[in-house]
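What follows is a set of notes on a single structure, which appears directly below.
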Amino acid sequence: MDGRRRALLAAIAWTAALPRAAAEERIRLKPIPSSGEPLPVVGIGTWQTFDVGAGAERGPLAQVLKAFVQAGGSVVDSSPMYGAAESVVGELITELGLRERLFLATKVWTRGREEGVQQMENSLGRMRAGRMDLIQVHNLVDVATHTETLKRWRSEQRVRYIGITHYAASAHAEVERWLGTGEYDFLQINYSLGEREAERRLLPMAMEKKVAVIANRPFAEGALFRRVKGKPLPPWAAELGVKTWAQYFLKWIVSHPAMTCAIPATANPRHVRDNLAAGLGALPDAAARTRMADYFDSL
Ligand SMILES: NC(=O)c1ccc[n+]([C@@H]2O[C@H](COP(=O)([O-])OP(=O)(O)OC[C@H]3O[C@@H](n4cnc5c(N)ncnc54)[C@H](OP(=O)(O)O)[C@@H]3O)[C@@H](O)[C@H]2O)c1
């Protein structure tokens with residue numbers, strides 16, 4: 001091949017690669033309804049995975065956080081209920097210099113006004129947050145008391161957003177009562193192809209009240225992978241930009257119009273890249289979501 005032809009082919013290959021590379025860099029964002037601030041549609045949870053000691057287990061978690069930010073991730077969800085997780089997140093993001101790139105969320109999980117304040121102060125220190133982006137009342141524990149404190153903290157700008165969480169359909173009626181008060185910026189609730197109850201009343205209500213929604217347990221704590229083990233993705237998954245079951249599960253969740261982001265937990269850097277890739281490209285429309293759910297149900 002002569003030099004000119006080689007140069008021409010190289011130029012074609014370079015320009016062909018450009019739009020794809022540019023598209024691959026950008027994870028999809030959705031706005032927090034109360035402020036318009038955009039958030040990436042895939043975040044990360046820390047229950048169990050980040051509850052580790054000071055030893056070698058931290059190496060892969062540092063890789064997880066690096067890969068997460070490199071892929072455009074931002075929302076990190078923790079809780080004082082998760083053992084050492086808040087401290088491990090705080091120490092790793094300080095070492096890696098990632099604080100400014102992250103939207104840090106934690107929870108309050110205790111009873112009593114003073115106890116709640118003390119716990120939230122501790123969380124700010126443990127996560128090295130400066131100001132916390134989001135604090136949520138964990139599983140509605142003493143929710144009336146903590147909501148008053150959180151509203152005060154939000155008005156004093158000690159926390160940017162406030163919310164409530166739960167993980168079980170049996171509590172959705174009570175969650176609905178609190179969501180109806182209109183006090184919260186965020187709802188965090190269980191929602192996945194394996195747990196769809198939230199779409200009956202909570203998700204429509206969140207849209208009406210302009211509340212951001214975070215899906216916890218997006219893989220039903222890993223049960224969804226066990227359910228599809230050895231089963232192929234449908235041939236039409238590729239048309240949706242879905243290459244793995246993780247992307248199938250996450251794209252289905254975050255394409256619900258009420259949904260702001262999903263927070264899968266992982267201690268595996270390969271899995272974090274897989275999960276964040278669910279935020280690339282188009283999201284399935286309503287017809288595609290139905291087809292995805294029907295296919296999953298048929299397995
Ligand atoms: N009440 C509450 O507020 C509440 C309750 C439950 C959960 N949450 C939050 O929601 C987060 C997520 O829920 P969860 O931790 O119960 O479970 P989950 O995210 O539904 O599932 C986690 C499991 O999926 C596996 N996994 C992750 N990515 C994968 C991939 N790409 N391919 C294959 N396997 C993958 C993980 O294993 P690997 O480590 O091997 O990847 C882990 O076993 C929690 O960490 C927590 O932050 C909050």
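Counting convention: from 1, in listed order, for ligands and their atoms alike.
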- [ ] Salt-bridge test for Lys107 and Asp142: reply yes if a basic N is under 4.0 Å from a carboxylate O, no otherwise.
- [x]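 Salt bridge flag = no for Asp142 with Lys107.
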Open item on the list: Between Glu156 and Arg131 (salt bridge meaning N to carboxylate O under 4.0 Å), is one present in this structure?
Closed with: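 A salt bridge is absent here (no side-chain N lies under 4.0 Å from a carboxylate O).
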Identify the heavy atoms of [X] and [Y] that sit nearest to each other, and give their distance.
X	Y	answer
Ala293	Leu193	CA-CD2, 3.7 Å
Lys251	Val242	CD-CG2, 3.7 Å
Glu183	Thr181	CG-OG1, 3.0 Å
Trp153	Glu121	CH2-N, 4.0 Å

Do any N/O atoms on [X] end up under 3.5 angstrom from N/O atoms on ligand 1?
X	answer
Asp274	yes
Ala267	yes
Glu221	yes
His166	no

Can you name the atoms of ligand 1, numbered from 1 with element, that are less than 4.0 Å from a heavy atom of [X]?
X	result
Gly45	11 (C), 45 (O), 47 (O)
Pro264	19 (O)
His138	1 (N), 2 (C), 3 (O)

Closest approach of any protein heavy atom to [atom], naming residue and atom:
atom	result
atom 3 (O) of ligand 1	Thr165 OG1, 2.9 Å
atom 19 (O) of ligand 1	Ala265 N, 2.9 Å
atom 28 (N) of ligand 1	Asn275 ND2, 3.1 Å

- [ ] Taking atom 1 (N) of ligand 1 as the reference point, report whether a protein heavy atom occurs under 4.0 Å from it.
- [x]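 It does; a protein heavy atom is within 4.0 Å.
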- [ ] Verify the contact flag for atom 15 (O) of ligand 1, where contact means a protein heavy atom under 4.0 Å away.
- [x]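 Answer yes: something from the protein, a heavy atom, is under 4.0 Å.
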Open item on the list: Aromatic contact between Trp245 and Phe249, with the criterion being ring centroids under 6.0 Å apart: yes or no?
Closed with: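 Here the rings of Phe249 and Trp245 have centres that are less than 6.0 Å from each other.
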- [ ] Give the other cluster members for Met81, using side-chain heavy-atom distances under 4.5 Å between Ile, Leu, Val, Met, Phe, Trp and Tyr residues; answer none if it is isolated.
- [x]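 When side chains under 4.5 Å apart are linked, the cluster holding Met81 also contains Trp47, Tyr82, Trp109, Val141.
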Task: Tyr82 touching ligand 1 at heavy-atom level, < 4.0 angstrom - done: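 Yes; Tyr82 lies near enough to ligand 1 that a heavy-atom distance drops under 4.0 Å.
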- [ ] Say whether Lys107 and ligand 1 are in contact under the criterion: heavy-atom distance to a ligand atom below 4.0 Å.
- [x]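 Contact present.
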Task: Aromatic ring pairing Phe186/Phe103, orientation class (parallel under 30°, perpendicular over 60°, tilted between) - done: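 Aromatic pair Phe186/Phe103 classed tilted.
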TODO: Could you see which bit of Thr266 sits under 4.0 Å from ligand 1, with heavy atoms only: side chain, backbone, both or neither?
DONE: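 Both the backbone and the side chain of Thr266 come within reach of ligand 1.
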